[in-house]
Amino acid sequence: MTWELHLLLLLGLGLRSQEALPPPCESQIYCHGELLHQVQMAQLYQDDKQFVDMSLATSPDEVLQKFSELATVHNHSIPKERLQEFVQSHFRPVGQELQSWTPEDWKDSPQFLQKISDAKLRVWAEELHKIWKKLGKKMKAEVLSYPERSSLIYSKHPFIVPGGRFVEFYYWDSYWVMEGLLLSEMASTVKGMLQNFLDLVKTYGHIPNGGRIYYLQRSQPPLLTLMMDRYVAHTKDVAFLQENIGTLASELDFWTVNRTVSVVSGGQSYVLNRYYVPYGGPRPESYRKDAELANSVPEGDRETLWAELKAGAESGWDFSSRWLVGGPDPDLLSSIRTSKMVPTDLNAFLCQAEELMSNFYSRLGNNTEATKYRNLRAQRLAAMEAVLWDEQKGAWFDYDLEKGKKNLEFYPSNLTPLWAGCFSDPSVADKALKYLEDSKILTYQYGIPTSLRNTGQQWDFPNAWAPLQDLVIRGLAKSASPRTQEVAFQLAQNWIKTNFKVYSQKSAMFEKYDISNGGHPGGGGEYEVQEGFGWTNGLALMLLDRYGDQLTSGTQLASLGPHCLVAALLLNLLLQ
């Protein structure tokens with residue numbers, strides 16, 4: 001199908017008054033076109049992702065030709081049962097191009113287990129360590145030989161996936177996965193995953209959201225430089241760093257060239273970054289939902305809506321009131337305006353990457369590049385302090401470009417600069433603790449909520465997510481104050497308690513948890529909660545490694561909530 005016919009389809013979805021943006025990729029099966037539109041709108045599968053993850057039984061040209069004949073016979077209104085027969089004849093079930101892979105460097109009893117004092121937690125940590133074997137995937141040769149027959153992006157090396165419906169790699173998930181793998185002494189698996197990411201930067205100029213062609217035009221929070229740092233710190237493999245430092249620089253260039261925005265504050269202009277994906281049409285993996293959502297906005301706003309949804313997906317927070325605040329109704333997804341916000345976490349991740357790049361170049365003896373990145377970090381730090389930092393509240397906040405003001409709502413991401421070491425005043429950790437107290441966040445006993453708004457979106461209350469716990473816990477742990485460090489530990493204890501309790505009940509780890517009523521698998525959003533789960537397991541291992549001599553599985557700490565926390569803090573104050 002031609003690009004012109006794609007345009008006609010978009011016109012059919014009501015895009016007469018606005019110029020159509022390019023599709024998320026060129027595939028007329030997986031990214032745009034009549035076949036995708038008819039199949040997804042017929043709702044053959046409960047989850048739209050299922051169809052676009054199926055591989056072709058023959059060539060795309062042959063499939064498109066057969067589909068064209070079928071569409072002509074039915075005057076482009078194909079009955080659902082005929083569509084079902086067509087898909088069954090010309091597509092293969094999900095996962096046929098992948099094979100399960102047991103990492104060759106997996107071994108029993110990694111060293112960190114010895115640090116865990118609580119016997120039940122130690123046994124549990126061993127179980128988590130074993131899950132890596134269930135999450136390993138390797139691509140079959142056919143993905144390389146016939147790339148056009150699958151939506152998968154070829155990866156040379158095997159990798160660890162999140163789990164559940166996510167059978168391909170995801171960019172930012174992989175950082176917490178790698179941290180867990182390094183504790184499991186699986187540096188060779190980590191190197192392979194890093195190599196896959198570096199190959200993607202060489203091919204596409206950036207790392208896509210995940211390992212599918214329909215994700216190609218959007219990235220995810222940029223943590224590649226941090227991944228390299230953790231790998232090199234663990235292995236001392238400086239040769240690998242030297243070989244790939246230019247590729248790390250290219251990835252950061254992608255964000256500079258494509259995701260930069262200018263902000264004026266106090267009469268001065270600053271350059272910061274945002275999430276921004278100027279590509280049109282519904283997301284292929286959520287096609288029907290996006291097409292139906294577009295019916296709730298004026299015809300001329302539909303392409304903008306779809307681009308904002310993709311930007312929300314690029315943020316990793318798909319979806320959250322964080323991107324809806326300031327829109328017509330902050331409880332409705334149709335209000336999404338991701339690209340109108342300057343996100344605290346994105347800029348903190350880039351600030352950290354610039355510092356690491358400066359350190360890398362210094363280590364490799366390239367003082368010119370080291371100075372360049374040191375200056376970039378200094379400029380970003382000044383911009384973040386001028387635009388995002390709020391002295392009165394003691395935290396950083398996303399900046400609304402259209403409204404010209406900060407979004408003062410609570411999100412754990414407000415403390416990302418602390419985690420990323422992107423601050424100049426050492427007292428900010430203690431200010432951040434006061435911010436958490438003032439926001440009543442320490443009253444939540446089972447984890448830190450993603451926001452304080454319950455919109456039904458998955459990156460909102462009452463869900464709690466592993467990476468966001470990490471941002472707060474390791475951020476506070478940077479403080480020299482025993483009191484702030486104690487709160488970091490208590491938050492770690494709360495999270496481990498929730499993970500352990502749910503695992504004890506369900507024999508599974510989950511991508512997110514509902515912390516509103518004793519800790520349960522999470523909910524909301526566009527799909528059912530998924531088991532696995534890569535980044536949840538990675539963070540659990542990190543916390544068990546860091547606090548293994550203190551953490552407990554026992555019921556005596558089951559109510560480590562506000563009163564216990566206050567008692568612990570008072571005790572610390574008395575000791576001081």
Side-chain angles (χ1 to χ4, degrees), residues 49-50 52-56 92-110 112 125-147 149-201 203 207-213 215 220 223-224 227-228 230-231 234-235 237 240 507-511 530-541:
K49 191 175 188 297
Q50 185 169 343
V52 288
D53 288 358
M54 296 166 81
S55 56
L56 303 177
R92 303 190 306 165
V94 174
Q96 298 285 302
E97 333 89 301
L98 290 163
Q99 57 194 59
S100 294
W101 170 72
T102 301
E104 286 136 31
D105 52 353
W106 190 92
K107 62 181 183 191
D108 278 316
S109 306
F112 84 94
E126 286 185 61
E127 292 295 312
L128 299 184
H129 171 60
K130 285 176 190 166
I131 293 175
W132 298 132
K133 295 196 283 187
K134 297 179 186 171
L135 298 177
K137 297 285 180 193
K138 186 178 182 179
M139 293 202 183
K140 293 181 182 174
E142 65 188 64
V143 183
L144 185 59
S145 308
Y146 302 102
R149 294 191 183 189
S150 169
S151 63
L152 279 171
I153 300 169
Y154 180 72
S155 289
K156 182 178 178 182
H157 302 278
F159 47 91
I160 302 293
V161 301
R165 78 200 277 264
F166 305 114
V167 297
E168 55 283 299
F169 73 77
Y170 283 80
Y171 181 6
W172 80 313
D173 292 61
S174 297
Y175 163 68
W176 284 274
V177 168
M178 288 180 190
E179 287 274 22
L181 290 170
L182 290 173
L183 286 170
S184 289
E185 297 167 29
M186 296 166 66
S188 159
T189 295
V190 170
K191 186 175 186 177
M193 291 172 69
L194 265 173
Q195 191 63 67
N196 288 340
F197 284 152
L198 293 160
D199 289 345
L200 288 165
V201 176
T203 305
I207 298 174
N209 178 150
R212 298 277 177 182
I213 57 172
Y215 290 143
Q220 259 192 342
L223 297 173
L224 179 64
M227 294 175 194
M228 177 67 87
R230 302 315 303 134
Y231 169 76
H234 188 88
T235 62
D237 188 355
F240 186 65
S507 298
M509 296 291 282
F510 292 87
E511 61 168 343
Q530 301 296 300
E531 291 181 16
F533 197 86
W535 63 12
T536 313
N537 303 5
L539 180 65
L541 297 183

Do S55 and Q96 pair up side chain to side chain, a donor and an acceptor below 3.5 Å, judged on atom types alone?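 The answer is no; no qualifying pair exists.
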Answer whether the closest heavy-atom distance between the side chains of [X] and [Y] falls below 4.5 Å.
X    : Y    : answer
I131 : F533 : no
Y154 : T203 : no
V52  : R212 : no
N209 : Y170 : yes
L181 : M193 : yes
K140 : L98  : no
W535 : D173 : yes
Q530 : F510 : no

Look up atom [atom1] in [X] and atom [atom2] in [Y], then write down how far apart they are to the nearest 0.5 Å.
X    : Y    : atom1 : atom2 : answer
H234 : K191 : NE2   : NZ    : 13.0 Å
S150 : L144 : OG    : CG    : 12.0 Å
L135 : E531 : CG    : CD    : 11.0 Å
M509 : N537 : CE    : CG    : 4.5 Å

Looking at [Y], is its backbone amide N or carbonyl O close enough to the side chain of [X] to form a donor-acceptor pair, meaning the two atoms are under 3.5 Å apart?
X    : Y    : result
Q220 : W172 : yes
W101 : M139 : no
H157 : V190 : no
D105 : T189 : yes

Are [X] and [Y] ion-paired here, with the side-chain N under 4.0 Å from a carboxylate O?
X    : Y    : result
K156 : D199 : no
E168 : K49  : yes
R92  : E142 : yes

Taking atom [atom1] of [X] as the centre, does the number of heavy atoms from other residues, nucleotides or ligands within less than 6.0 Å exceed 12?
X    : atom1 : value
K138 : NZ    : no
F240 : CZ    : yes
Q99  : CD    : yes

Passes side chain to side chain contact (heavy atoms under 4.5 Å, CB included), L224 versus L198? Steps please. CA-CA 8 Å; L224 179 64; L198 293 160; 4.2 Å; yes
Does the gap between the ring centers of Y171 and Y215 come in under 6.0 Å? no
Show the nearest heavy-atom pair for residues [X] and [Y], with the distance to one decimal.
X    : Y    : result
V143 : E97  : CG2-CB, 3.4 Å
L541 : S184 : CD1-OG, 3.9 Å
L200 : F169 : CD1-CZ, 3.3 Å
I160 : P103 : CD1-CG, 4.1 Å
S155 : F159 : CB-CE2, 4.1 Å
I207 : V201 : CG1-CG2, 3.6 Å

With side chain to side chain contact (heavy atoms under 4.5 Å, CB included) as the test, would you mind laying out the steps for D53 and L152 before giving the verdict? CA-CA 8 Å; D53 288 358; L152 279 171; over 6 Å; no
Can F197 and L223 be said to form a side chain to side chain contact (heavy atoms under 4.5 Å, CB included), step by step? CA-CA 11 Å; F197 284 152; L223 297 173; over 6 Å; no
